[in-house]
**Student:** 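Sharing a structure here in structure tokens format.
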Amino acid sequence: MVGSLMIVASRTTATSRLALEILGWAVIISTAVWVRSLAGWIFLPALGLAVIALDRLGKPSHHQLAVQVIGVQACISVWRSFDYLFSSSGYVGGQSKQSDTAAIANALLLPYWCWGGAISVAIAALLWWSLRKAFRT
């Protein structure tokens, strides 16, 4: 959903800049809250600062393009682990754990692969909607 909102934010320069500013600070703040590795502490604040620098120093067309690319990537990133989305389990820390879709299936009706499909359809619909909204003239 955040990726979809990013794409919609690319519609104007002002909302693109706001989206970049919020994203940059969110990356920096979430590093302090969630990250426990040295690599994360080096890379993520640098990434957050780069996003903020793009907001403050970049051209308006760069703001909009960056927000669009980040938004699309956020939307489609769930398919990076396509096999996990349509499986009942996965390995976390070397141990087999129940997949997210299997947990949904256990809490609700329908098998895990139906939930993987439903999530995929919802993401595709959000991506389509947000691109249409962003490029509507």
Side-chain angles (χ1 to χ4, degrees):
M1 287 187 264
V2 172
S4 184
L5 291 174
M6 293 282 290
I7 295 167
V8 172
S10 74
R11 191 165 165 87
T12 69
T13 302
T15 54
S16 293
R17 293 195 65 205
L18 179 62
L20 288 171
E21 186 81 20
I22 290 170
L23 177 64
W25 284 110
V27 170
I28 292 168
I29 291 167
S30 67
T31 300
V33 174
W34 299 108
V35 176
R36 300 292 176 251
S37 70
L38 178 61
W41 274 94
I42 293 169
F43 177 73
L44 290 173
L47 177 64
L49 290 173
V51 170
I52 292 169
L54 174 62
D55 166 46
R56 297 189 180 166
L57 304 173
K59 296 178 183 176
S61 61
H62 295 159
H63 298 145
Q64 290 175 295
L65 178 62
V67 171
Q68 289 168 358
V69 169
I70 292 166
V72 169
Q73 178 58 37
C75 284
I76 65 173
S77 67
V78 73
W79 292 316
R80 186 184 69 218
S81 300
F82 194 75
D83 56 335
Y84 176 76
L85 188 62
F86 288 94
S87 68
S88 62
S89 64
Y91 284 93
V92 177
Q95 297 179 5
S96 181
K97 302 279 185 176
Q98 183 181 46
S99 71
D100 295 337
T101 51
I104 294 169
N106 286 341
L108 303 172
L109 300 174
L110 303 175
Y112 64 87
W113 52 268
C114 284
W115 292 107
I119 291 168
S120 292
V121 167
I123 291 166
L126 277 170
L127 181 59
W128 176 255
W129 170 82
S130 60
L131 288 170
R132 287 199 54 187
K133 185 99 171 147
F135 292 106
R136 188 172 305 174
T137 55

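Everything numeric in this text was worked out from a predicted model, so none of it was measured. Along the sequence shown, residues are numbered consecutively beginning with 1.
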**Student:** How long is the span from the CG atom in Leu85 to the OG1 atom in Thr101, to the nearest 0.5 Å?
**Tutor:** 6.0 Å
**Student:** So how far is it from Ser99 OG to Asp83 CG, rounded to the nearest 0.5 Å?
**Tutor:** 10.5 Å
**Student:** Sub-3.5 Å donor-acceptor pair from the side chain of Arg11 to the main-chain atoms of Lys133, do we have one?
**Tutor:** yes
**Student:** Restricting to non-hydrogen atoms, name the atom on Trp41 and the atom on Val35 that form the minimum distance, rounded to 0.1 Å.
**Tutor:** NE1-O, 3.0 Å
**Student:** Using modelled atom types only, decide if a donor and an acceptor are shared between the side chain of Trp115 and the backbone of Leu109 within a distance under 3.5 Å.
**Tutor:** yes
**Student:** Are Leu127 and Val78 linked, directly or through intermediate hydrophobic residues, by side-chain heavy-atom contacts shorter than 4.5 Å (ILVMFWY only)?
**Tutor:** yes
**Student:** What closest approach, in Å, do Ser10 and Gln68 show between heavy atoms, and which atom pair accounts for it?
**Tutor:** OG-CG, 3.1 Å
**Student:** What pair of heavy atoms forms the shortest contact from Leu20 to Ala66, and how long is it?
**Tutor:** CD2-CB, 4.4 Å
**Student:** Would you say Ile70 and Val8 are hydrophobically clustered, going by side-chain heavy atoms of ILVMFWY under 4.5 Å?
**Tutor:** no
**Student:** Are Val67 and Leu47 joined in one hydrophobic group, where the rule is that I, L, V, M, F, W and Y side chains link up if heavy atoms are under 4.5 Å apart?
**Tutor:** yes
**Student:** Quick check on Trp79: does its CH2 atom have over 12 non-hydrogen neighbours (other residues, nucleotides or ligands) under 6.0 Å away?
**Tutor:** yes
**Student:** Treat each ILVMFWY residue as a node, draw an edge where side-chain heavy atoms are under 4.5 Å apart, and state whether Ile7 and Ile76 are in one component.
**Tutor:** yes
**Student:** Keeping the roles fixed (side chain from Tyr84, backbone from Asp100), state whether a donor-acceptor pair exists under 3.5 Å.
**Tutor:** yes
**Student:** Quick one: CD1 on Ile123 to CE on Met1, what's the gap to the nearest 0.5 Å?
**Tutor:** 9.5 Å
**Student:** If you look at every heavy atom in Trp113 and Phe86, which pair is closest and at what distance?
**Tutor:** O-CE2, 3.5 Å
**Student:** Between Phe43 and Leu23, is there shared hydrophobic-cluster membership here, with clusters defined by ILVMFWY side-chain heavy atoms closer than 4.5 Å?
**Tutor:** yes
**Student:** Could you state the interatomic distance from CD (Glu21) to NE2 (His63), rounded to the nearest 0.5 Å?
**Tutor:** 10.0 Å
**Student:** Test your reading of the model: is there a side-chain donor-acceptor pair from Ser4 to the backbone of Leu126, 3.5 Å cut-off?
**Tutor:** yes
**Student:** Which value, rounded to the nearest 0.5 Å, describes the distance between Met6 atom CE and Ser130 atom OG?
**Tutor:** 11.5 Å
**Student:** Given Tyr112 and Gln98, is the side chain to side chain contact (heavy atoms under 4.5 Å, CB included) satisfied, shown in steps?
**Tutor:** CA-CA 10 Å; Tyr112 64 87; Gln98 183 181 46; over 6 Å; no
**Student:** What heavy-atom pair brings Thr15 and Thr12 nearest, and what distance separates the two atoms?
**Tutor:** OG1-OG1, 2.6 Å
